[in-house]
Amino acid sequence: MILSVQRRVHDAIAEAIRQRFGMPDVPPFAVEVPPTRAMGDLAVPVAFQLARTLRKAPRAIAQELAQAVGRTPGVARVEAAPNGYLNLYLDRLAFLVPRIRQQVQPDRAPTEKTIVEHTAINPNKAAHVGHLRNATLGDTLVRALRFRGTPVETQNYIDDMGVQVADIIVGFRELERRTMDEVRQIADSTRFDYYCWDLYSKVSGWNEGDKSRLAVRAAVLHDLEHGGNDTAAMGAFIVDRIVRTHLKTMARLNIGYDLLTYEGDILRLHFWTHAFETLKAQGAVFLQTEGKLAGCWVMRIEDGSAKASAERRDDVEPATDDDESREKVIVRSNGVVTYVGKDLANQFWKFGLLGLDFRYRLFATQADGRPLWSTTSDDGDPGAPPFGHAARIFNVIDSRQMYLQALLSQALRTLGHPTEAENSIHFSYEMVGLSHATARELGYETAAESEEAKKPFVEVAGRKGLGVKIDDLLDLLTAKASAEVARRNPEFTPGDCERVGAQIAVAAIRYFMLKYSRGKLIVFDIEEALSFEGETGPYLQYAVVRANNILNKLQEREGLSEADVLAVLDQTPADEMLGQGDSLEPGEDTLWALVFEASRLDEVVEQVVRSLEFSALAKYTFGLAQTFNAFYHRYPILNEERVDRKRWRAAGVAYVRAQLTRALDLMGIEVPGRM
RNA sequence: GCGCCCGUAGCUCAGUUGGAUAGAGCGGCAGGCUUCGAACCUGUAGGCCGGGGGUUCGAGUCCCUCCGGGCGCGCCA
């Protein structure tokens, strides 16, 4: 873990600048990691920034600073590079030994309670690859925040009152003429989410067949909202069963939650009514009296996105109400609140600004033993932990909803909560499409000359039943991986193969979802996702498994445990680590370069949380695994004859293994014992 | 029409708050398993970073503009 060292170096150089150049205000500057270890372990380009104000060449400034920086703990020497960089070389042993012994914990950033909301799948059909990206990003964010010590609450929003649920009820009632008992029986005897997947696409077709049929759906929606009738009972049953299938699917991916928030409870506990009063009182919404929106309560949409409003300057004339200043309907003229309204109430509640709270009941106990709570409108469990009251909120939701997410911030600002508006973060990412090849495999043919065939991808559409279900994908990956595991490990039982195969499948799919930056549309292709070679999750697991094997063999053959090796490091000549050995080169490929790279995990996590760009974590971990693979191919460990080298290498392997394991855990990937 | 995102090697993509010689995987070519597991490693070829202006000591990265592609902009969610 390297952040603490970077901070120390930063402060030492800032102090040197103040002293040497008499600058009370040092401009912000970065502490970087230079491209190769030959150039040093840390680098500071501050001389370039100071060149103008000091009217000196960067090189001269760097040289003066190299002199002026006093002895800094952990830093062996400071050099001015000819081009003006300030390069720092760490005191390797002082840096490494405590880290290898796991005596240096990651810095705990002082942070306040954070809520991450993700997954939020409509509870009316099976989960597909689009949902997969959402849940993987959300869960990885949760893990990254926890890693740095941030208290996180993970919420999964359940839209149990929406059109999609209504459609499924219409399907059972109108298309299949099912009674409640029959629905129950279907749920007990089929993969219910798959059954509903097919039914939903039938209903969509039925709805389109005759527009008057939408009245049936409207009636169902009405009954759902009012409750206390057969429709609501059937809806509640379906939602409960589907939610449980979703949770099961997510559990396969090592994804869990703290709280399920039900839209129905937001309505029944009158969250909206309460929020509405506040919004009216503050003038955030108003009753439109003319035009086509007459009779609706609307919110005026500020021009520009959230980004534009964040950058707004007072000196800029606010865009005069040009054309039609746009308005978003919050309450329809028939008095029914829109989705946005309910979301506003939910967001206020998350910040503890609503003045009302849910009641809670224990919903389930998750695989890792963590309890999963659910909101309820009934009495609730008095022993439930406190929820909500967060200082920051991440809503993980694809970029198509940017516009609506911006409204949440806007409302908070209008209501006089600028800090909460700033901390109301839309974690936006691009959607997942299907490659034409994969769509074809799913039996979806596009006419050769159609508009759709010319597009670069095929859109996932639950409405049309077009999409790759997560469970199908996991089954496919697991089968493939299990077969490979069986081939390589003849002594494994079928159960072993299945268990390890499942771990490999999760690694493959989670890594695949994380390796692209979030602004990139993923064109999902089954062939590609099934790969276990090259830049994939299984490659990463394999590197750790190899490290495990090396350390296990050291134990078996020589009776040396990892602890034994670490214990004697102090008495072991460190030529190998210091780069003083005969056959060693100063640059890459050395043990030092490997363990130094491994120490950067905390720095990478900080960067990832700052940028919400998990591809950086994926690439870092892959690069570290690659460096490690190359290292042990080049330098023997068990078969090294010189005992000092052997010890240091073994210690390095142990450290890299620990850091890789942590990095994989951040991505929700487990490491099998063997594979 | 307005807003957001994308354009980097044959293909799929990385490229840190602007910094040192533009990287990786796949595919191609040439090598490496009696040694700590070849889901691996080594070497090699392959790039006007979509085009054009600008800011800067320095631009793949920031600004403007154009081109190409995607997504939003509903009394749906």
Side-chain angles (χ1 to χ4, degrees), chain A residues 28-30 32-36 39 43 45 48-49 51-52 57-58 81-85 87 122 159 162-164 263 292-293 295-296 298 301 303-308 323 326 328-334 336 338-340 342-343 398-404 406 428-431 433 455-457 459 481 484-485 488-489 504 515-523 525 528 531-536 538-543 545-547 549-554 557 603-604 607-608 610-611 613 615-616 618-620 622-623 626 629-630 632-634 636-640 653 674-675:
Chain A
F29 61 93
E32 305 171 344
V33 175
T36 72
M39 296 179 191
F48 300 108
Q49 292 167 248
R52 177 168 292 237
N83 60 6
Y85 267 97
N87 291 337
N122 270 306
D159 181 3
V163 174
Q164 296 212 18
E263 180 171 301
K292 60 178 182 177
L293 297 185
C296 300
V298 300
I301 298 165
D303 216 7
S305 63
K307 189 179 165 194
D323 36 28
R326 295 189 307 171
K328 180 69 194 170
V329 173
I330 307 299
V331 182
R332 303 178 179 94
S333 54
N334 65 4
V336 178
T338 62
Y339 149 86
V340 185
K342 286 174 277 193
D343 222 27
D398 77 58
S399 64
R400 287 175 290 192
Q401 297 216 38
M402 173 193 64
Y403 171 68
L404 295 170
S428 166
Y429 61 92
E430 273 292 337
M431 54 189 283
K455 281 192 163 191
F457 62 94
E459 193 170 353
E484 189 64 23
V485 171
R488 292 161 186 254
N489 301 276
I504 294 171
K515 72 187 223 183
Y516 300 99
S517 60
R518 61 192 168 95
K520 207 83 130 193
L521 191 146
I522 296 180
V523 180
D525 185 82
E528 213 181 324
S531 170
F532 293 164
E533 286 164 15
E535 199 200 328
T536 65
Y539 174 98
L540 301 182
Q541 290 175 309
Y542 187 70
V545 167
R546 292 293 304 274
N549 279 350
I550 292 169
L551 295 172
N552 288 343
K553 289 232 158 94
L554 191 65
R557 292 183 190 177
E603 178 200 347
V604 172
Q607 182 200 328
V608 154
R610 199 172 53 238
S611 63
E613 205 53 271
S615 57
K619 301 283 174 184
Y620 162 78
F622 175 64
Q626 226 176 7
N629 279 339
Y632 73 68
H633 267 271
R634 184 159 171 189
I637 293 137
L638 296 178
N639 300 326
E640 169 59 42
V653 169
R674 317 214 4 220
M675 64 189 279

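We use all heavy atoms of the structure for the numbers below, so side chains are in, but hydrogens, waters and symmetry mates are not. Proteins come first, then strands; the chains are lettered A, B, ... in the order of their sequence lines, and each starts at number 1.
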(message) Could you check whether any side-chain heavy atom of A:Val608 comes within less than 4.5 Å of a side-chain heavy atom of A:Tyr620, counting everything from C-beta outward?
(response) no
(message) Rounding to an integer number of angstrom, what distance separates B:U61 and B:A14 when you compare their C1' atoms?
(response) 13 Å
(request) Kindly say whether, by distance alone, the side chain of A:Ser333 makes a donor-acceptor pair under 3.5 Å with the base of B:C75? (result) yes
(message) Salt bridge or not between A:Lys515 and A:Glu528? Use side-chain N to carboxylate O under 4.0 Å.
(response) no
(request) Using Watson-Crick or G-U wobble geometry with both distances below 3.5 Å, tell me the partner of B:A59, or none. (result) none
(request) Please answer whether the main-chain N or O of A:Val331 pairs with a side-chain N or O of A:Thr338 as donor and acceptor at a distance below 3.5 Å. (result) no
(request) Classify the nucleic acid contact of A:Val604 as base, sugar-phosphate or nothing, counting any heavy atom under 4.0 Å across all strands shown. (result) nothing
(message) So, does A:Lys520 get its side chain near the phosphate of B:A14, meaning an N or O under 4.0 Å from OP1 or OP2?
(response) yes
(request) Assign A:Leu404 to base, sugar-phosphate, or nothing according to its heavy-atom contacts below 4.0 angstrom with the strands shown. (result) base
(message) Taking only the C1' atom of each, what is the distance from B:G52 to B:A59 in whole angstrom?
(response) 15 Å
(message) Quick check: on RNA chain B, is the nucleotide nearest A:Ala30 upstream (toward 5') of the one nearest A:Ile637, or the reverse? Name the residue that is more 5'.
(response) A:Ala30
(message) Rounded at 0.5 Å granularity, tell me how far CD in A:Glu613 sits from NZ in A:Lys619.
(response) 11.0 Å
(message) With a 4.0 Å limit, can you tell me whether A:Gln49 has a side-chain N or O closer than that to the phosphate oxygens OP1/OP2 of B:U56?
(response) no
(message) Would you say A:Ser517 places a side-chain N or O within less than 4.0 Å of OP1 or OP2 belonging to B:A14?
(response) yes
(request) Measure from CG on A:Asn549 to C1' on B:U35 and round the result to the nearest Å. (result) 15 Å
(request) Give A:Ser531 one of three labels, base, sugar-phosphate or nothing, depending on what nucleic acid heavy atoms sit under 4.0 Å from its own. (result) nothing
(message) I'd like the C1' distance from B:C71 over to B:G28, given in whole Å.
(response) 36 Å
(message) Below the 4.0 Å mark, does B:C4 have OP1 or OP2 next to a side-chain nitrogen or oxygen of A:Tyr429?
(response) no
(message) From the set B:U21, B:A39, B:G70, return the single nucleotide nearest to any side-chain atom of A:Phe457.
(response) B:G70
(message) Heavy atoms from C-beta onward define the side chain here; which of B:C75, B:A14, B:A77 lies closest to that of A:Glu263?
(response) B:A77
(request) Find the partner of B:G28: check Watson-Crick (N1-N3 plus N6-O4 or O6-N4) and G-U wobble (N1-O2, O6-N3) distances, both under 3.5 Å, and reply none if neither fits. (result) B:U44
(message) Among B:U12, B:A77, B:G25, which nucleotide has an atom closest to any side-chain atom of A:Phe622?
(response) B:G25
(request) Ignoring backbone atoms, test whether A:Arg546 places a side-chain nitrogen or oxygen under 4.0 Å from the OP1 or OP2 oxygen of B:A39. (result) no
(request) Give A:Glu528 one of three labels, base, sugar-phosphate or nothing, depending on what nucleic acid heavy atoms sit under 4.0 Å from its own. (result) sugar-phosphate
(request) Determine the Euclidean distance between corresponding C1' atoms of B:G50 and B:A45; express it in Å to zero decimal places. (result) 24 Å
(message) Rounding to an integer number of Å, can you tell me how far A:Glu613 CD sits from B:C6 C1'?
(response) 13 Å
(message) With a cut-off of less than 4.0 Å, is there a side-chain N or O of A:Tyr339 near OP1 or OP2 of B:A77?
(response) no
(request) From the options B:U12, B:C40, B:A20, select the nucleotide whose nearest atom is closest to the side chain of A:Tyr516. (result) B:U12
(message) Let's see if you can work this out: which of B:C40, B:C36, B:A14 has an atom nearest to the side-chain heavy atoms of A:Ser615?
(response) B:A14
(message) Can you check the distance between B:G25 and B:G51, where both ends of the measurement are the C1' atom (answer in whole Å)?
(response) 29 Å
(request) Report which part of the nucleic acid A:Val485 touches: base, sugar-phosphate, or nothing (heavy-atom distance under 4.0 Å, all strands). (result) base
(message) Under 4.0 Å, heavy atoms only, any strand: does A:Arg518 hit a base, just the sugar-phosphate, or nothing?
(response) nothing
(request) Quick one: pull up CG in A:Leu521 and CE in A:Met431 and give me the separation to the nearest 0.5 Å. (result) 5.5 Å
(request) Return the value, rounded to whole Å, for the distance between atom CD of A:Gln401 and atom P of B:G74. (result) 14 Å
(message) Just so I know, are the side chains of A:Lys328 and A:Leu404 near enough to count as touching, which here means a heavy-atom distance under 4.5 Å?
(response) yes
(request) Please measure how far the P atom in B:C11 lies from the corresponding atom in B:A20, and state the result in whole Å. (result) 27 Å
(message) Nearest to the A:Ala630 side chain among B:G3, B:U42, B:U21, which nucleotide is it?
(response) B:U42
(request) For A:Gln626, report the nucleic acid contact type (base, sugar-phosphate, nothing); a contact means any heavy atom under 4.0 Å. (result) sugar-phosphate
(request) May I have the distance from A:Glu535 (atom CD) to B:G27 (atom C1'), rounded to whole angstrom? (result) 15 Å
(request) Please report, rounded to the nearest Å, how far the P atom of B:C76 is from the CZ atom of A:Arg400. (result) 19 Å
(request) Look at the side chain of A:Arg488 and decide which nucleotide, out of B:C75, B:G37, B:C36, has an atom nearest to it. (result) B:G37
(request) Using a 4.0 Å heavy-atom cut-off across all strands, classify A:Phe48 as base, sugar-phosphate, or nothing. (result) base
(message) Between A:Glu533 and A:Lys515, which residue's closest nucleotide on RNA chain B lies nearer the 5′ terminus?
(response) A:Lys515
(message) What I'd like to find out is whether the side chain of A:Ile504 reaches to under 4.5 Å of the side chain of A:Glu484, using heavy atoms alone.
(response) no
(message) Taking the minimum atom-to-atom distance to the side chain of A:Pro538, which one of B:A24, B:A39, B:C4 wins?
(response) B:A39
(message) Between B:A22 and B:G58, how many Å separate the two C1' atoms, rounded to a whole number?
(response) 15 Å
(message) If you only use heavy atoms from C-beta on, which nucleotide in B:A24, B:C71, B:C40 is closest to the side chain of A:Lys455?
(response) B:C71
(request) State the CG-OH distance between A:Leu638 and A:Tyr632, to the nearest 0.5 angstrom. (result) 12.0 Å
(request) Determine which nucleotide pairs with B:G1, using a 3.5 Å limit on both distances of a Watson-Crick or G-U wobble pair. (result) B:C73
(request) Report the nucleotide, chosen from B:A20, B:A38, B:G37, that has the shortest atom-to-atom distance to any side-chain atom of A:Ala43. (result) B:A20
(message) Work out how far the P atom of B:G7 is from that of B:C49, and round it to whole angstrom.
(response) 14 Å
(message) Let's test your reading of the model: under 3.5 Å, does the base of B:A38 pair with the side chain of A:Asn629 as donor and acceptor?
(response) no
(request) Report the base-pairing partner of B:A22 (Watson-Crick or G-U wobble, both distances below 3.5 angstrom), or none. (result) none
(message) Just the rounded figure in Å: distance from P of B:C6 to CG of A:Leu521.
(response) 12 Å
(message) Rounding to an integer number of Å, can you tell me how far A:Ile522 CD1 sits from B:U12 P?
(response) 14 Å
(request) Answer with base, sugar-phosphate or nothing: what part of the nucleic acid does A:Asn552 contact at a heavy-atom distance below 4.0 Å? (result) nothing
(message) Side-chain N or O of A:Lys553 versus OP1/OP2 of B:U35: is the shortest distance under 4.0 Å?
(response) no
(message) Tell me every residue that passes side-chain contact (heavy atoms from CB on, under 4.5 Å) with A:Asn83, counting only those two or more places apart in sequence or in another chain.
(response) A:Ala81, A:Tyr85
(message) Quick check for you: to the nearest 0.5 Å, what is the distance between A:Gln401 atom CD and A:Tyr339 atom OH?
(response) 4.0 Å
(message) Can you say whether a donor on the side chain of A:Asn83 sits under 3.5 Å from an acceptor on the base of B:A20, or the other way round?
(response) yes
(request) Rounded to the nearest angstrom, tell me the gap between atom OH in A:Tyr632 and atom C1' in B:C40. (result) 6 Å
